[in-house]
Amino acid sequence: MNQQSMPRDLLTELAQEMSKFSKGQRAIADFIIKQYDKAAFFTASRLGQTVGVSESTVVRFAMELGFEGYQQMQRTLQEIIRNKLTTAQRVEVTQDRLEGHDLLKTVMIADTDKIRSTLENLNRDAFESAVAAITQAEHIYIIGVRSSSALSGFLAFYLNLIRENVRQVSTSAISETVEQVMRIGAKDVVIGISFPRYSRRTLRAMQYAHDRGAQVIALTDSVASPLCKTATHALLAKCDMSLFVDSLVAPMSLINALIVAVGLRNSETLADTFQQLETIWQDYAVYETRDEQ
């Protein structure tokens, strides 16, 4: 088989090659085709136990398909499901993955691993370029809907304290989203945030900004993400595509770093800005104080 076609056609190729497989290989292929959402997160050992073959048979099968090993085949399956899992399927996968485990420990360790993996694989040049683009932009538009709206709101809140002309774009229709960025130009920046399942509203607004000559920063999970197609700068953060609750700790950590970096680029005015804010917060009793308690 042609390994280059597998990331998008693996399931089809397995079905087409089924007659050429041994009995054990057919069992593996049949399970992957019918339950790829589960197979994508099974270890080789568990997949073998599930279909009644040895772990070594599963590993050899992956290699006969042209993969370097089982993990590479597993990553290909995860790419296939990245934007296909329904919420109902994600609930089922979550139950299957966490069954018999310490839920709290498993989830928090997985989140820690995502931050570590994000740091190890982050393109530092892309990060620095994104910081420079935000620092130099005349207007900054931030787009993130559904679960990503929490990320876009957090980023917009702090950038508004550091920079002028920062706007969080948030509407319920594609046309309204594009309307909010209709005046974007070559000196502006749009930051699009989306993770599987990717938001069509965010994609359309990013495409519009790209066509208008603006710099486009994508905060997403993979180079295979459709957000990267129009991005001038792509910042990749790991997220869990299978749990029914999106794990956004790594994207949030990356956003924290982005805010701090932009703030330090504006260090000459940053201290004065926050001094003025402290005065405002005190005059208008924004926060509780010890004397009031």
Using the side chain to side chain contact (heavy atoms under 4.5 Å, CB included) rule, take Phe195 and Leu151 through it: C-alpha gap first, then chi angles, then the decisive distance, then the call.
-> CA-CA 11 Å; Phe195 294 85; Leu151 298 173; 4.0 Å; yes

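- Once rounded to the nearest 0.5 Å, the distance linking OG1 of Thr202 with CD1 of Ile193 reads 8.5 Å.
- At a threshold of 4.5 Å between side-chain heavy atoms, the hydrophobic network of Ile, Leu, Val, Met, Phe, Trp and Tyr places Val145 and Leu203 in two separate groups.
- Between Met73 and Leu10 there is a side-chain heavy-atom pair separated by less than 4.5 Å.
- When the shell of 6.0 Å around CZ of Phe127 is examined, it contains more than 12 heavy atoms from other residues, nucleotides or ligands.
- In this structure, Val223 is not a member of the same hydrophobic cluster as Leu122, with clusters built from ILVMFWY side-chain heavy atoms closer than 4.5 Å.
- Cluster membership check: Met18 shares its hydrophobic cluster with Val58, using side-chain heavy-atom separations under 4.5 Å among Ile, Leu, Val, Met, Phe, Trp and Tyr.
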Could you check Asp188 against Arg212 for side chain to side chain contact (heavy atoms under 4.5 Å, CB included), going step by step and ending with a plain yes or no?
-> CA-CA 10 Å; Asp188 302 327; Arg212 295 271 295 181; over 6 Å; no

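- A pairwise comparison of heavy atoms in Ala27 and Val51 identifies O-CG1, 3.7 Å as the closest pair.
- Scanning both residues, Ser54 and Thr57, for their nearest heavy atoms gives OG-OG1, 2.8 Å.
- Leu119 and Met108 fall into different hydrophobic clusters, where Ile, Leu, Val, Met, Phe, Trp and Tyr are joined by side-chain heavy atoms under 4.5 Å apart, directly or via other members.
- Closest heavy-atom contact between Ser253 and Ile115: OG-CG2, 4.2 Å.
- Remark: Thr273 OG1 to Glu278 CD distance equals 12.0 Å, nearest 0.5 Å.
- Between Leu14 and Phe21, some side-chain heavy-atom pair lies under the 4.5 Å cut-off.
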Can you give me every donor-acceptor pair (side chain of residues 227-234, partner residue at least two apart or in another chain, under 3.5 Å) with its distance?
from, atom 1, to, atom 2, distance (Å)
Thr232, OG1, Val216, N, 3.0
His233, NE2, Gln215, OE1, 2.6

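- Scanning both residues, Ile28 and Leu47, for their nearest heavy atoms gives CG2-CD2, 4.1 Å.
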Full working for side chain to side chain contact (heavy atoms under 4.5 Å, CB included) between Asn165 and Ile140 | CA-CA 6 Å; Asn165 300 321; Ile140 301 166; over 6 Å; no

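- Scanning both residues, Gln136 and Arg163, for their nearest heavy atoms gives N-NH1, 4.3 Å.
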So Phe154 and Ile259, side chain to side chain contact (heavy atoms under 4.5 Å, CB included) or not? Walk me through it.
-> CA-CA 10 Å; Phe154 184 85; Ile259 293 167; 3.8 Å; yes

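- In this structure, the separation between CG on Leu77 and CD on Gln35 is 12.5 Å, given to the nearest 0.5 Å.
- Remark: Arg204 CZ to Thr177 OG1 distance equals 11.5 Å, nearest 0.5 Å.
- For Ser117 (side chain) and Asp113 (main-chain N/O), no donor-acceptor pair under 3.5 Å exists by modelled atom type.
- By the 4.5 Å heavy-atom criterion applied to side chains, Tyr198 and Asp221 are counted as neighbours.
- Judged by distance alone, with hydrogens and angles left aside, the side-chain atoms of Thr135 form no donor-acceptor pair with the main-chain N or O of Val262 at under 3.5 Å.
- No more than 12 heavy atoms of other residues, nucleotides or ligands lie within 6.0 Å of CE in Met63, so this atom counts as exposed by the packing criterion.
- Residues Leu264 and Ile255 are members of separate hydrophobic clusters, defined by side-chain heavy-atom contacts under 4.5 angstrom among Ile, Leu, Val, Met, Phe, Trp and Tyr.
- One distance of note links NZ of Lys20 with CZ of Arg26; it measures 13.5 Å at 0.5 Å rounding.
- No hydrogens or angles considered: nothing links the side chains of Ser45 and Thr43 as a donor-acceptor pair under 3.5 Å.
- Residues Ile134 and Ile191 form a side-chain contact, since some pair of their non-hydrogen atoms from C-beta on lies under 4.5 Å apart.
- Between Phe42 and Phe31, the two ring planes are parallel [angle under 30°; tilted spans 30° to 60°].
- Under the 4.5 Å side-chain criterion, counting only non-hydrogen atoms from C-beta, Glu64 is in contact with Gln25.
- Donor-acceptor pairing under 3.5 Å is recorded for the side chains of Asp211 and Gln207.
- Pairing each heavy atom of Gln168 with each of Ala156, the nearest pair is CB-CB, 3.8 Å.
- With rounding to the nearest 0.5 Å, the separation of CD1 in Ile184 from OH in Tyr141 is 6.0 Å.
- Applying the salt bridge (Lys or Arg N to Asp or Glu O under 4.0 Å) rule to Glu138 yields the partners Lys187; only residues at least two apart in sequence or on another chain are considered.
- Side-chain atoms of Asn121 and Leu236, non-hydrogen and from C-beta on, never get closer than 4.5 Å to each other.
- Among residues two or more places apart in sequence or in another chain, the salt bridge (Lys or Arg N to Asp or Glu O under 4.0 Å) test is passed with Lys105 by none.
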